[in-house]
Amino acid sequence: APLSSGWLPALQFVRRGSKAVTRHWKAMHFQRQKLMAVTEYVAPRPAVPPRCLAPRKETLEKDNGYVRLLRRQVEEVFRNNRLIAVCQYNSMPGEDVVLMRHYLRKHNIEVKFVLNEIVRPVLSQSKYKNLLPLFVARNILLVSREAKVKEMLRVLKGVPQINLLGACIDDTILSRQGVENFAKLPSLEASQGQTVGALALLPSQTSSLLQRGSAPLTALLDQHIRRLQAGETGSPAEPSPAQSSG
């Protein structure tokens with residue numbers, strides 16, 4: 001009978017199983033390795049060493065008005081304040097920052113948040129360029145028109161997130177240890193009083209030494225004059241105060 005178009009054989013042969021793998025990794029022969037190393041391409045060296053080439057001209061970026069304004073403010077801070085302390089600022093809650101600024105403001109100490117990109121160009125062209133190594137990480141400035149170092153250290157002692165790096169007091173750059181030693185000094189009025197007392201002591205001693213010889217001589221001359229006057233009048237001479245006290 002003729003086969004229908006949709007007829008399939010009852011028995012079919014299907015090959016099952018993995019295919020034969022004919023490619024396996026094999027280490028390169030030692031001689032071939034040497035040949036590949038010898039024939040490796042080596043780029044030729046340039047005729048002129050790179051250090052002898054002319055340096056590239058760096059394009060200077062023009063500062064905008066806002067940057068110039070910030071730099072001018074930094075110059076005014078260093079010019080108008082006697083105390084300028086450089087501190088390292090670590091992240092801290094906003095409430096602690098507000099509380100710290102409140103305690104410092106009681107002693108007329110202001111907190112200035114500055115950027116190193118603004119401060120470093122200003123300091124490099126001023127007499128405070130020795131402060132440049134302190135401006136590396138995130139820093140803040142504690143400034144005051146008066147040298148209130150004791151009050152500043154007392155407040156910073158309760159804020160461990162703020163680390164004092166150095167300070168400039170009366171145009172004198174001090175380290176952290178120098179600032180602590182400066183805080184131990186007496187006040188200006190007390191130092192002036194001690195200086196005046198020390199200066200007045202030497203003249204008083206000199207004056208007493210000079211008058212030590214003239215005072216007895218004057219007493220003797222007065223006694224001699226009294227005796228002469230008593231001899232003329234015939235009355236006994238009155239004893240001198242020095243003799244009566246003796």
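Because only heavy atoms are used, hydrogens play no part in the values below, and waters and symmetry mates are left out as well, while side chains stay in. Predicted model, so just to flag it, every value in this text is computed and none were measured.
- Atom-to-atom distance recorded for Lys148:NZ and Lys150:NZ is 13.0 Å, nearest 0.5 angstrom.
- The backbone N or O of Val67 lies less than 3.5 Å from a partner atom in the side chain of Asn64, making a donor-acceptor pair.
- With salt bridges taken as basic N to acidic carboxylate O contacts below 4.0 Å, none links Arg72 and Glu76.
- Taken together through direct or relayed side-chain contacts under 4.5 Å among Ile, Leu, Val, Met, Phe, Trp and Tyr, Leu164 and Tyr103 form part of one hydrophobic cluster.
- Applying the 6.0 Å contact sphere to OH of Tyr89 captures more than 12 heavy atoms from other residues, nucleotides or ligands.
- Remark: side-chain polar atoms of Asn116 are paired, donor with acceptor, to backbone N or O of Val136 under 3.5 angstrom.
- Side-chain atoms of Arg138 do not come within 3.5 Å of backbone N or O of Asn90 as any donor-acceptor pair.
- To the nearest 0.5 angstrom, Cys168 atom SG is 5.0 Å from Tyr128 atom OH.
- Within a 6.0 Å radius of NE2 in His107, other residues, nucleotides and ligands contribute more than 12 heavy atoms.
- At distances below 3.5 Å, not a single donor-acceptor pair connects side-chain atoms of Asn108 with backbone N or O atoms of Ser144.
- Here the side chain of Arg71 pairs no donor or acceptor atom with the backbone of Val122 at under 3.5 angstrom.
- In this structure, CD1 in Ile169 is found 5.5 Å from CG in Leu83, a value given to the nearest 0.5 Å.
- Note that the CG atom of Asn80 and the CZ atom of Arg145 stand 5.0 Å from one another [nearest 0.5 Å].
- Rounded to the nearest 0.5 Å, atoms OG (Ser91) and CG (Asp96) are 11.0 Å apart.
- Within 6.0 Å of CE on Met28 lie more than 12 heavy atoms contributed by other residues, nucleotides or ligands.
- Heavy atoms from other residues, nucleotides or ligands lying under 6.0 Å from CZ of Arg45 number 12 at most.
- Salt-bridge formation is not detected for the pair Arg82/Asp171: no Lys NZ or Arg NE/NH1/NH2 atom is positioned less than 4.0 Å from an Asp or Glu carboxylate oxygen.
- Atom CD1 of Ile173 is separated from atom NZ of Lys127 by 10.0 Å, given to the nearest 0.5 angstrom.
- Taking every heavy atom of both residues into account, Met92 and Ile162 meet most closely at SD-CD1, 4.1 Å.
- Surrounding OH of Tyr66 are at most 12 heavy atoms belonging to other residues, nucleotides or ligands under 6.0 Å away.
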